[in-house]
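Worksheet for the structure shown next.
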Amino acid sequence: MKRLCLLIVLICSCFFTHINASADLIKRKEVEPTGQVVWEVPTSKKVIALTFDDGPDPKYTPQVLELLKQYGGHATFFEIGYRMEQYPEIVKQVVQAGHELGNHSMTHQYANKTGVKYMSLDIIKADQIIQKYQPDRLKLFRPPGGYIDTALLQETKQLGYKVVLWSYHQETKDYALPGAQVIADHIIRNARNGDIVLLHDGGGDRSQTILALKSILPALKQKGFQFVTVSELLHIQ
């Protein structure tokens, strides 16, 4: 029995070692100068990129779209493939309103749990869906959980993708429901030119994010900020 248990442990150990064999997390100071991964864009222009993850969502995404329309802004939506299949009409609304689709994988699995081969297929499947709605655009990928190691970075490069993360000083963790005012105050207080702000329009209760946007958008507009897509932000660079 002890030998059997030891064998199982060794097999599991080998399995996870194989998955994480290349799990050498990227180092920002080394990768950022290459332009393959973007956290923010240095610029003197008062522009900011709002990004929304984990959608589309039939309840919250339309509310985000309405608020962006009200304040003349555009954003990038990093959408999950299987949710795009579930809510194609919402995806159409995003694109028709002039916003941008980003790839957030097909199933929202973390690379450190699945391995690079799985992630590669997951990205490709989601890309096939995105191409139906927004072909011939700059390919942007945000890894689930922000997890990106050197192997996945190399794979995304081969697939023609630029990896988009977010400004560290703009991580609101709105998914944890800290309160709408907390989310809004954090973004407004820390807003800088060229920021990429991470928010969520899917994956759970996003009512606090919606309420926060009702404060964020007018406050930043009053400060002179223009709301642009990630692609537009990169073009400004």
Side-chain angles (χ1 to χ4, degrees), residues 28 32-33 35 37-57 60-79 90 93-104 134 137-142 146 162-203 206-237:
R28 180 170 178 173
E32 192 168 26
V37 183
V38 181
W39 284 265
E40 61 222 5
V41 172
T43 178
S44 59
K45 295 185 178 181
K46 293 190 76 66
V47 291
I48 195 165
L50 300 179
T51 66
F52 297 88
D53 285 13
D54 297 351
D57 183 275
Y60 298 111
T61 304
Q63 294 182 65
V64 173
L65 295 177
E66 182 58 36
L67 286 167
L68 288 169
K69 179 181 178 181
Q70 184 178 345
Y71 291 98
H74 289 114
T76 301
F77 291 77
F78 285 95
E79 302 195 322
I90 306 299
Q93 289 177 30
V94 171
V95 174
Q96 289 171 356
H99 304 292
E100 177 175 61
L101 300 178
N103 191 325
H104 202 38
Q134 212 166 52
R137 293 285 295 267
L138 179 64
K139 292 187 174 184
L140 305 173
F141 172 65
R142 175 169 286 162
K162 184 180 291 289
V163 176
V164 180
L165 296 179
W166 55 88
S167 303
Y168 289 155
H169 59 277
Q170 286 289 17
E171 185 171 4
T172 65
K173 296 184 179 180
D174 63 326
Y175 56 84
L177 306 178
Q181 199 59 52
V182 172
I183 297 168
D185 288 346
H186 183 91
I187 292 176
I188 295 167
R189 182 175 63 251
N190 292 290
R192 305 174 190 171
N193 296 355
D195 275 354
I196 296 176
V197 179
L198 170 62
L199 291 165
H200 294 78
D201 65 323
R206 300 302 172 222
S207 57
Q208 290 187 5
T209 302
I210 299 300
L211 286 174
L213 281 172
K214 292 179 180 180
S215 297
I216 293 166
L217 292 168
L220 292 186
K221 188 169 184 178
Q222 187 174 19
K223 288 187 174 185
F225 281 100
Q226 179 183 358
F227 307 109
V228 299
T229 65
V230 170
S231 290
E232 289 171 332
L233 186 63
L234 294 172
H235 182 71
I236 289 172
Q237 181 186 36

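Note that the coordinates shown come from a computational prediction; the quantities given were computed from them, not determined experimentally. Just so you know, these numbers use all the heavy atoms, side chains as well, and skip hydrogens, waters and symmetry mates.
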What residue among Asp53, Val64, Leu213 forms side-chain contact (heavy atoms from CB on, under 4.5 Å) with Leu199? Leu213
Side chain Thr43, main chain Lys45, donor-acceptor under 3.5 Å: yes
Nearest-0.5 Å distance, CG of residue Leu140 to OG of residue Ser231: 4.5 Å
Strictly distance-based, threshold 3.5 Å: is any side-chain N or O of Glu100 a donor or acceptor partner for the main-chain N or O of Thr229? no
Hey, is NZ on Lys46 packed in by over 12 heavy atoms from elsewhere, all under 6.0 Å? yes
Min side-chain heavy-atom separation Ile187-Leu220 under 4.5 Å: yes
Those residues that, when tested against Gln93, pass side-chain contact (heavy atoms from CB on, under 4.5 Å) (two or more places apart): Pro62, Leu65, Ile90
Closest approach of Ala75 to Leu50 (non-hydrogen atoms, all atoms of both residues): CB-O, 3.2 Å
Return the minimal non-hydrogen interatomic distance between Leu233 and Ala49, and the atom names on each side. CD2-CB, 3.9 Å
Show every side chain to side chain donor-acceptor pair (under 3.5 Å) that has at least one partner inside residues 179-188, sequence neighbours left out. Gln181-Asp185
Set out, in order, the CA-CA distance, both residues' side-chain angles and the distance that settles side chain to side chain contact (heavy atoms under 4.5 Å, CB included) for Val94 and Gln134, then state yes or no. CA-CA 10 Å; Val94 171; Gln134 212 166 52; over 6 Å; no
Is Phe227 close to Ile48 at the side-chain level, that is, under 4.5 Å between some pair of heavy atoms? yes
Give a yes or no on whether Arg192 atom CZ has more than 12 heavy-atom contacts from other residues, nucleotides or ligands under 6.0 Å away. no
Do the non-hydrogen side-chain atoms of Leu165 and Arg28 ever get within less than 4.5 Å of each other? no
Just to verify, what does Asp54 make a side-chain hydrogen bond (donor to acceptor under 3.5 Å, both in side chains) with, not counting sequence neighbours? His104, His108
Go through the structure and list residues passing ring pair (Phe, Tyr, Trp, His ring centres under 6.0 Å) with Phe225, not counting sequence neighbours. none
Less than 4.5 Å apart, side chain to side chain, heavy atoms only: is that true for Val228 and His235? no
In short, Ala180 meets Leu211 closest at the heavy-atom pair CB-CB, 3.6 Å
Flag side-chain contact, heavy atom, 4.5 Å: Val41 against Ile236: no
Which residues pass the ring pair (Phe, Tyr, Trp, His ring centres under 6.0 Å) test with His99, sequence neighbours left out? His74, Phe77
The side-chain hydrogen bond (donor to acceptor under 3.5 Å, both in side chains) partners of Arg206 (sequence neighbours excluded) come to none
Determine whether Thr209 and Asp201 make a side-chain contact, defined as any pair of heavy atoms from C-beta on separated by less than 4.5 Å. no
From Thr76, Thr51, Asn103, residue fulfilling side chain to side chain donor-acceptor pair (under 3.5 Å) relative to Arg142: Thr51
Gln208 and Asp174, any side-chain heavy atoms less than 4.5 Å apart: no
Kindly compute the distance separating CG (Asp57) from CZ (Phe52), expressed to the nearest 0.5 Å. 13.0 Å
Judged by atom type as modelled, is there a donor-acceptor pair below 3.5 Å linking the side chain of Glu40 to the main-chain atoms of Ile196? no
Measuring from Trp166:CH2 to Trp39:CH2, what's the distance to the nearest 0.5 Å? 10.5 Å
If you apply the rule side chain to side chain contact (heavy atoms under 4.5 Å, CB included), what do you find for Arg137 with Leu101, and how did you get there? CA-CA 9 Å; Arg137 293 285 295 267; Leu101 300 178; over 6 Å; no
Heavy-atom pair with the smallest gap, counting every atom of Asn190 and His169: O-CD2, 3.3 Å
Would you indicate whether the side-chain heavy atoms of Pro178 and Ile183 approach each other to under 4.5 Å? yes
Does NZ belonging to Lys139 count more than 12 external heavy atoms closer than 6.0 Å? yes
For side chain to side chain contact (heavy atoms under 4.5 Å, CB included), just list the numbers for Val38 and Leu234, CA-CA rounded to whole Å, side-chain angles, deciding distance to a tenth of an Å, and then say yes or no. CA-CA 9 Å; Val38 181; Leu234 294 172; 3.9 Å; yes
